Amino acid sequence: MTHSDQQSILNLALATGELLLTSGAETYRVEETIDRMCQSRGVAGESFVTPSVILVTGIIDGSPITHMKRVHPQQIDLHKIDEANNFARSFTASDMPITTAWEELNRVANSLQYPLPISLLGGGLAVGGFAVLFGAPAGQFPLAFLIGVLLQLFMVTIMPLRLNFFLRNIVASFVVTILIHLLDRLFALAINAMIIGSIMPLVPGVAITNSVRDTLTGDFLSGLTRASEAVFIALGIAFGVGVGLVLMTGVLPV
Amino acid sequence: MMMTWFYGFISTVGLSILFNIRRKHIVLAAIGGGSAGLIQQQLLLSTDNILLAAFVAAFVISIYSEIMAGIQKAPSTTYVIPGVLPLVPGAGMYYTMLYLAERNLSQAAAYGYQTVFAALAIACGVIIAPSIRRLVRQLRSY
């Protein structure tokens with residue numbers, strides 16, 4: 001295998017790893033995928049992955065070459081993780097040529113998200129379901145559904161602003177608290193259940209789960225990173241809700 | 001009881017859409033989410049122990065996810081992440097803030113403590129199933 005062939009395998013493995021990581025895959029999955037993809041083509045490689053950086057070293061013509069890739073987390077996309085995983089499996093199990101592999105990987109990277117109306121429906125169902133689950137009367141499901149749709153619409157609208165995750169959670173939970181208190185003056189809602197239902201889609205369940213799974217596989221650095229992410233998401237939501245409550249109920253905290 | 005399961009199911013369907021899970025996985029993921037919510041609620045009613053309820057529900061859902069992932073040949077995250085979310089103590093977080101806003105510090109502390117430990121209990125519950133899977137894989141390769 002020529003020098004540039006080995007290079008491009010390293011690049012391909014790195015790109016696959018980056019796709020997995022930005023979609024929210026666990027650290028061990030990313031490392032394993034990169035290593036296996038390199039090994040399947042006879043490139044001795046090793047990788048080190050954290051939520052913000054991927055390092056891959058391959059031994060090419062006897063000398064080690066290292067790639068470093070800074071990664072910025074994007075939206076959780078479990079479909080992409082699934083597809084990228086399948087792609088890596090079929091790449092390692094066959095002798096797929098590199099060009100085909102790149103085409104395949106690009107197809108996975110550009111695979112579609114649900115269109116806006118469906119994602120609004122998703123937001124509505126999530127908030128509606130959780131609101132009732134947390135004690136709102138079933139008759140208020142439609143209103144909670146509407147709030148969920150509005151919240152999701154709001155999240156999509158502020159996406160181009162590229163707010164960091166902390167600010168985004170503060171703003172979203174603040175807005176939703178205010179909105180529910182205002183709606184309450186018209187419809188007499190089960191306020192607490194409604195607000196809890198609305199913050200459930202924001203809550204850091206993914207960060208907690210991934211943090212634990214990373215720690216379990218010995219990736220302590222990633223585990224800690226994600227644990228601190230979870231803490232700060234929770235703080236952001238609590239802060240947003242807190243400020244909203246103080247404004248709407250007119251009491252100042254201690 | 002059926003209603004708890006049903007609304008848990010519905011909200012997990014919603015979350016699955018937000019996480020861009022494809023149709024063939026959504027129903028299975030939502031069955032997990034609904035069941036997790038129901039298990040947690042029933043345990044909470046019968047034992048009045050928030051930590052136990054969160055732990056057992058998270059444990060069941062992670063086992064379920066590993067099995068489904070094996071059958072469906074999909075990463076187990078596809079099922080764990082939406083399944084565990086109904087357990088996350090959003091309510092505890094909210095009441096902590098509510099009581100803080102009302103200057104009721106002792107209630108705020110009580111809820112804050114519950115929230116943190118429920119999150120830890122979920123974390124402990126989720127950790128076990130993948131550990132077992134690894135163990136099984138290693139035993140097989142002997």
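Just so it is clear, the structure is predicted and the values come from calculations on it, not from any experiment. A, B, ... follow the sequence lines: proteins, then strands. Residue 1 opens every chain.
Chain B forms more heavy-atom pairs under 4.5 Å with one residue of A:Ile118, A:Leu216, A:Thr209 than with any other, namely A:Leu216. The candidate from A:Gly148, A:Pro201, A:Ala238, A:Ser119 with the greatest count of non-hydrogen atom pairs under 4.5 Å with chain B is A:Ala238. Contact count against chain A (heavy-atom pairs under 4.5 Å) is highest for B:Pro86 among B:Pro86, B:Ala119, B:Cys124. With chain B as the partner, the residue from A:Gly205, A:Gly122, A:Ser111 showing the most heavy-atom pairs under 4.5 Å is A:Gly122. In terms of heavy-atom pairs under 4.5 angstrom with chain A, the leader among B:Tyr95, B:Tyr7, B:Phe9 is B:Tyr7. In terms of heavy-atom pairs under 4.5 Å with chain B, the best-connected choice from A:Thr215, A:Val243, A:Leu121, A:Ile195 is A:Ile195. Put simply, of B:His25, B:Arg134, B:Met3, the one with the most heavy-atom pairs under 4.5 Å next to chain A is B:Arg134. Considering only heavy-atom pairs separated by less than 4.5 Å from chain A, the leading option among B:Pro75, B:Pro89, B:Ala123 is B:Pro75. Heavy-atom pairs under 4.5 Å with chain A were tallied for B:Ile122, B:Thr12, B:Ile21, B:Leu120; the largest tally goes to B:Ile21. The most heavy-atom pairs under 4.5 Å with chain A, out of B:Ser16, B:Gly37, B:Ser76, come from B:Ser76. For the set A:Asn210, A:Asn192, A:Ile76, the entry with the most heavy-atom pairs within less than 4.5 Å of chain B is A:Asn192.
With a 4.5 angstrom heavy-atom cutoff, A:Asp82 touches chain B via backbone and side-chain atoms both. Interface remark: A:Glu26 contributes side-chain atoms only to the contact with chain B (heavy atom separation under 4.5 Å). Only the side chain of A:Tyr28 comes within contact range of chain B, judged by heavy atoms closer than 4.5 Å. With a 4.5 angstrom heavy-atom cutoff, A:Tyr114 touches chain B via backbone and side-chain atoms both. No part of B:Ile128 comes within reach of chain A, as not one of its non-hydrogen atoms sits under 4.5 angstrom from that chain. Interface remark: A:Ala230 contributes no atoms to any contact with chain B (heavy atom separation under 4.5 Å). When heavy atoms are compared at a cutoff of 4.5 Å, B:Phe6 does not approach chain A at all. Residue contact with chain B, scored on non-hydrogen atoms closer than 4.5 Å, involves the side chain of A:Asn86 exclusively. Proximity to chain B (any heavy atom under 4.5 Å) is restricted, for A:Ile199, to the side chain, taken from C-beta onward. Interface remark: B:Leu85 contributes backbone and side-chain atoms alike to the contact with chain A (heavy atom separation under 4.5 Å). The part of A:Ile208 that comes within reach of chain B is its side chain, from C-beta onward, which places non-hydrogen atoms under 4.5 angstrom from that chain. Both the backbone and the side chain of A:Val203 come within contact range of chain B, judged by heavy atoms closer than 4.5 Å. The contact between A:Thr217 and chain B is made entirely by side chain atoms (from C-beta outward), counting heavy-atom distances below 4.5 Å. Proximity to chain A is limited to the side chain of B:Pro82, based on heavy atoms less than 4.5 angstrom apart.
With hydrogens and angles disregarded, a donor-acceptor distance shorter than 3.5 Å links the side chain of A:Ser173 to the backbone of A:Ile237. The backbone N or O of A:Arg226 lies less than 3.5 Å from no partner atom in the side chain of A:Ser211, so there is not a single donor-acceptor pair. Counting only distance, with no hydrogens or angles, the side chain of A:Asp214 and the backbone of A:Thr27 share a donor-acceptor pair below 3.5 Å. At least one donor-acceptor pair under 3.5 Å links the side chain of A:Asp184 to the backbone N or O of A:Leu189.
For A:Phe166, the CZ atom counts as densely surrounded, since its 6.0 Å shell holds more than 12 non-hydrogen atoms of other residues, nucleotides or ligands. Annotation: A:Arg36, atom CZ; neighbour count of heavy atoms from other residues, nucleotides and ligands within 6.0 Å does not exceed 12.
One side chain, B:Gln41 or B:Thr4, offers a donor N or O that lies under 3.5 Å from an acceptor on the other.
With rounding to the nearest 0.5 Å, the separation of CG in A:Leu19 from CG in A:Asn110 is 9.5 Å. Here the CD atom belonging to B:Gln40 is positioned 5.0 Å from the CG atom belonging to B:Leu87, to the nearest 0.5 angstrom.
Of all the heavy atoms in B:Ala54 and B:Ala118, the pair that sits closest is CB-O, 4.1 Å. Here the closest heavy-atom approach between residue A:Ala193 and residue A:Ala136 is recorded as CB-N, 3.4 Å.
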Practice item. Could you please spell out the steps behind the side-chain contact (heavy atoms from CB on, under 4.5 Å) verdict for B:Leu18 and A:Gln152? Key: CA-CA 9 Å; B:Leu18 297 183; A:Gln152 184 58 22; 3.6 Å; yes
Exercise for review: Please test B:Phe117 against B:Ile50 for side-chain contact (heavy atoms from CB on, under 4.5 Å), starting from the C-alpha separation and ending with a verdict.
Suggested key: CA-CA 9 Å; B:Phe117 279 86; B:Ile50 289 181; over 6 Å; no
Practice item. Evaluate side-chain contact (heavy atoms from CB on, under 4.5 Å) for A:Leu105 paired with A:Phe91, printing each intermediate quantity in order. Key: CA-CA 10 Å; A:Leu105 184 64; A:Phe91 178 82; over 6 Å; no
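Looking at A:Lys80 and A:Glu83, no side-chain N of the basic residue comes within less than 4.0 Å of a carboxylate O on the acidic one, giving no salt bridge.
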